[in-house]
Amino acid sequence: MALIKNPFDHDLPPGDARLVHVHLDGEWVEVPAGLNVIEVAHRFGKQIPHYCYHPKLSISGNCRMCLFEMGMPRLGPDRKPILDGDGHPELQWMPRPQIACATTAFPGLGIRTTSTLVESCQKGVMEFLLANHPLDCPICDQAGECKLQEFAFDYGKGRSRFVEDKVRKPKRVDIGPRILLDDERCILCTRCIRFARELAGDDCLGITERGGYNRIAIHPEKRFTSDYSLNTADICPVGALTTKDFRFRMRVWFLKETKSICVDCATGCNVTIGSREGTVHRLTPRVNEAVNSHWMCDQGRLGFHPIHSKHRVLEPARREENGLFPGEWSLLLGQVAEALRKLEPSSLAFLVSARLTNEELFLVRSLRDLLAGESAILTEVVPRKGQADGLLRSDDLNPNSRGARILGIGADGEKLSVLRQRIEEGQLSGLFCLHEDAVAAGLPGELLGSLSVLVWQGILIDQTYERAHWVLPGASFAEKSGSMVNRADRVQRLERAIPAPGRSREDVWILRGLLLALGGEEPGQSGPEVFPKMAATIPAFHGLTWAGLGDQGQPLPVEVR
Amino acid sequence: MAQDGTVQNPTREHRIILRYADLPGYTPDIDCYLQHGGYEQLRKALSMEPAAIVAEVKASGLRGRGGAGFPTGTKWGFIDHAKNRKPVYLLCNADESEPGTFKDRQIIYKDPHQLIEGMIISSFANHAHLAYIYIRGEMARGAKILERALAEARAKNFLGTNILGSGYDLDIFVFRGAGAYICGEETGLIESLEGKRAYPRIKPPYFPAALGLYLCPTIVNNVETLCNVKHIVEMGGAAYARIGSTNNTGTRIWCVSGDVCRPGYFEYDGGAITMGELLYDVCGGIRNGNRLKALIPGGSSAKVLRAGEIYHIRRKNAAGAMEEIEMRLEDLPLDFDTIAASGSMSGSGGIIVMDHTRDMVECLDNLSAFYAHESCGQCTPCREGALWMRKVLDRMTGGKGRPEDPQLLLDLAGQIGGRTICAFGEACSWPVESFVAKFREEFESKAVAEEEKDRLQVTH
């Protein structure tokens, strides 16, 4: 079950559905009763082209692209199906084509996905859809992932007989803060309308005008402000809905696609990172029926921009009297290790981010244990609370709070007050901030200057960075591989899409350098290499392997949830 | 009532539905209706079992008068009242918008109580306690007349609670459309009544008898059909079935328009009169002494019939054996089956006559303009195809036809019919298919003229 409730699940029949025999392009196959015919064909590697059908939205049946030839069991005089020699019913083919999206499997259903009639229907619909389409592919963002292009190539005639004037409709309609509408490109499949109504709960889109002049429009005086509005650009089969963020940024066929997860909240929506030459251009949701189904929120989708901020820290450096002074990694790591070793363990603390991966947290834990010896070192994470929206977004904005808790790094900032108290009372002389701003977390900024060792590891300049003695530039979520545990206790993988910019490094690499400098064991050079060791050490991860997590992640064993 | 040719009845009509409508002094008031035996059949019906009324309607062989000719009793039989736990609705389709059809408005404007009585009986027979009259937006006065008639009926307890002491409750409301042809499609009508855009629903699963108004079982009947129910209760199903011919029982109102001397509406027993008799005897022949060129027998969606065509009609003879006979257009009896066998349909009964002065391309352009304007635009073939065909025809009539246009029109029509959500696909493609197929030379001549013009331009 996905963490979001879909109004429909046409591709997921109920688990107790009985199996029935249907006749698919000449073969009898077994499928669950009630399964949508488009999905029946899909399960056996056949494509029934469609525009308006979406497995998670209501059936509209308007595009007519999925017309197929339907057969029914021929009934004998006793009103029972006539059986052939193999015990299968004889089929009677209906003269009219039927829409696959509104037909579900029943015993003895006949499906022909290719036949003269079906091909004629597909050619006809393609010709009609393209008649008034502007055919502006060279300047359309959808080009390359456009169903109209693909199906025109696969099922169309290759030329048009339309010589009349095309219908003119509004272009660049600003329907919401993050999305634009081009009515001329629209094929009126109404997916966006149904998404807004059925999933986003914001029924603000509709159709106005009539017949060939029909167009999608937003309700007067309303804006499509939903936090899920950009999903309509994903499900729009053509370039009618485009996101303001990605519009005209990059041709999609240049994008390298990396399967990863969103780190904007604890839900961990599965995403595809689209990047090119070291720059992330967009995130799009990736289907995972155990997490986000087909969707993600706009905040998460647009949350990647800070990684290309001009405030990104790119040089490892040490603070000298007149400011930060860049240095070699090996030198600086040695200095940091030495400074940490000299500190009394009880006077050292780690302020760790719950946005780090399990592997990074595991190395933090190893570092802490190595430094602590017999005594104890305080570690804590900084909580981030938001508002759950009842759909995907969690009230916990840290993507790996569960991982931090499991790894014993911290839990919801319970010990932050202790940390603050220790600083105020002068008991603390060393603080290591990993991807967290101690000042923003409520620790007294003026007293941080009094610490003898303040190490900062992160990506963006903040107030702690301004005071830190050592600055270690780390990597963003798109620049590293690792795993996180989402709010439903599912372990999921981040994959590196782009290299860390400048001289910044993956955090696992930095922490490994510190560990080795302190005489620790070789933990592995990257997230995937650290994972087996972590899985062996931490009981909650027993039995999990990096490869076994796969693209879709794995749930934690029930007993540790 | 004999179909006599007396001075009082020069057209030899057999008026049942329109019996009083055009009588001098007959008004839409309830008092006038009561003086003419009004609401007597309601009393009779309320004393019957609902199932018995349905059985009478089935026995009568009544077929829907809206266009499709579906047997009314069968339609009513789709609802299983033993199992059904939802409310049942009865909707009267008074969205008469088929070009060439003007029969329902005669009933609504002149004899509204007949419709209301028919509706009450039909609602009772179908266990409906709420009924709507969906009236076409343009018929504003008709809506007022119906509102007044409903108020009168309520005042006399023909509507409301415990009707005439029978314990049966019913109310009827008038709902005005906003003027769209597609609202006459029964599922489009239901959507419109629910307050949505009148987009026809996909069938399956949304058959009105199962998932109709508010997803409850719903009966949608035409005005004329519902009026017939009253007469079936009056004379009994078997007696009604003796009117007209087999499978074409009862009377039908035919609306004749176009190039005849005396257009109008006429009520005859099913199959009792031929097309030729209607045109030449009743309507006074083709105007100005012109020749008949073509006619559309059942509203503008029906396929056109060309004068001089010979039809091979297969039908059962009196002995029950199949026989094939040759018929001219003028010999076609006016009923459902023979006109269907001639390749067209009697549809809503709107006969549009065109004489030899008519340019068939212009005529088709006129029809296509209507369909392009009225397509709801929900599904692709009709939305794009109807407008495309209209543009091609506009171009042809504007003197810019091309040799390939007739074939293009046939192809486009072929890509629409049978592939759409509702029957509008057929409605807009059949006229094009039949006009081009039967008058191909006229469509081709539009292109030839253009070719010659090009040649002239080249030589000069």
Point-to-point distance, once rounded to the nearest 0.5 Å, from CD of Gln98(A) to CZ of Arg419(B):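 Gln98(A) CD to Arg419(B) CZ: 12.5 Å, rounded to 0.5 Å.
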Cys382(B) SG to Asn62(A) CG distance, which is reported to the nearest 0.5 Å: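 Between Cys382(B) SG and Asn62(A) CG, I get 12.0 Å after rounding to 0.5 Å.
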Which members of [range], sorted by number, sit under 4.5 angstrom from chain B on a heavy-atom basis?
| range | value |
| --- | --- |
| residues 185-201 of chain A | Ile187(A), Leu188(A) |
| residues 149-168 of chain A | Lys157(A), Arg161(A), Phe162(A), Val163(A), Glu164(A), Asp165(A), Lys166(A), Val167(A) |
| residues 64-75 of chain A | Arg64(A), Leu67(A) |

Polar contact flag, side-chain donor to acceptor under 3.5 angstrom, Arg197(B)-Thr208(A):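 No pair is found: no donor N or O on one side chain lies under 3.5 Å from an acceptor on the other.
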For Tyr213(A) and Arg383(B), run side chain to side chain contact (heavy atoms under 4.5 Å, CB included): C-alpha distance rounded to whole Å, both residues' side-chain angles, the deciding distance at 0.1 Å, then the answer. CA-CA 8 Å; Tyr213(A) 301 95; Arg383(B) 175 182 71 232; over 6 Å; no
Looking only at heavy atoms and a cut-off of under 4.5 Å, which of Pro95(A), Ala102(A), Ser120(A) has the most pairs with chain B?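 With the most close heavy-atom pairs to chain B, the winner is Ser120(A).
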Option in Gly206(A), Ser60(A), Cys121(A) with maximal non-hydrogen atom pairs under 4.5 Å from chain B: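 Most heavy-atom pairs within the cutoff with chain B belong to Cys121(A).
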Could you check Cys63(A) against Gln378(B) for side chain to side chain contact (heavy atoms under 4.5 Å, CB included), going step by step and ending with a plain yes or no? CA-CA 8 Å; Cys63(A) 75; Gln378(B) 184 185 11; over 6 Å; no
For [X], which atoms come within 4.5 Å of any heavy atom of chain B: side chain, backbone, both, or neither?
| X | answer |
| --- | --- |
| Glu209(A) | backbone |
| Asn214(A) | side chain |
| Ile99(A) | side chain |
| Thr104(A) | neither |

Need one label for Leu412(B): side chain, backbone, both or neither, based on atoms under 4.5 Å from any heavy atom in chain A.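 Both the backbone and the side chain of Leu412(B) come within 4.5 Å of chain A.
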Interface residues of residues 428-437 of chain B facing chain A - non-hydrogen atoms under 4.5 Å apart: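 Residues qualifying by a heavy atom under 4.5 Å from chain A are absent, so none.
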If you define the side chain from C-beta out and look only at heavy atoms, does anything of Thr380(B) sit under 4.5 Å from Tyr51(A)?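 The answer is no; the side chains never approach within 4.5 Å.
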With side chains defined as the heavy atoms from C-beta onward, is the minimum distance between Tyr199(B) and Ile207(A) less than 4.5 Å?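 When only atoms from C-beta onward are counted, Ile207(A) and Tyr199(B) do touch, with a gap below 4.5 Å.
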Using a cut-off of under 4.5 Å on heavy-atom pairs, state which of Ile202(B), Leu387(B), Ile421(B) scores highest against chain A.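 Top count of heavy-atom pairs under 4.5 Å with chain A: Ile421(B).
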Which one, Glu404(B), Arg201(B), His373(B), Arg390(B), leads in non-hydrogen pairs under 4.5 Å with chain A?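 Of the options given, most contacts go to His373(B).
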Within a radius of less than 6.0 Å around NZ of Lys316(B), do more than 12 heavy atoms belonging to other residues, nucleotides or ligands occur?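 Count not over threshold, so no.
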Quick check: are there more than 12 heavy atoms from other residues, nucleotides or ligands sitting under 6.0 Å from NE2 of His42(A)?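 Count not over threshold, so no.
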Check: Gly377(B) main-chain N/O paired with Arg210(A) side-chain donor or acceptor under 3.5 Å: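 Such a contact is absent between Arg210(A) side chain and Gly377(B) backbone.
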I would like to know whether Asn132(A) and Trp388(B) meet side chain to side chain contact (heavy atoms under 4.5 Å, CB included); could you show each step before the answer? CA-CA 9 Å; Asn132(A) 283 296; Trp388(B) 189 347; over 6 Å; no
For the residue pair Gly418(B) and Pro97(A), what are the closest heavy atoms and their distance?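 That closest heavy-atom pairing would be O-CD, 3.8 Å.
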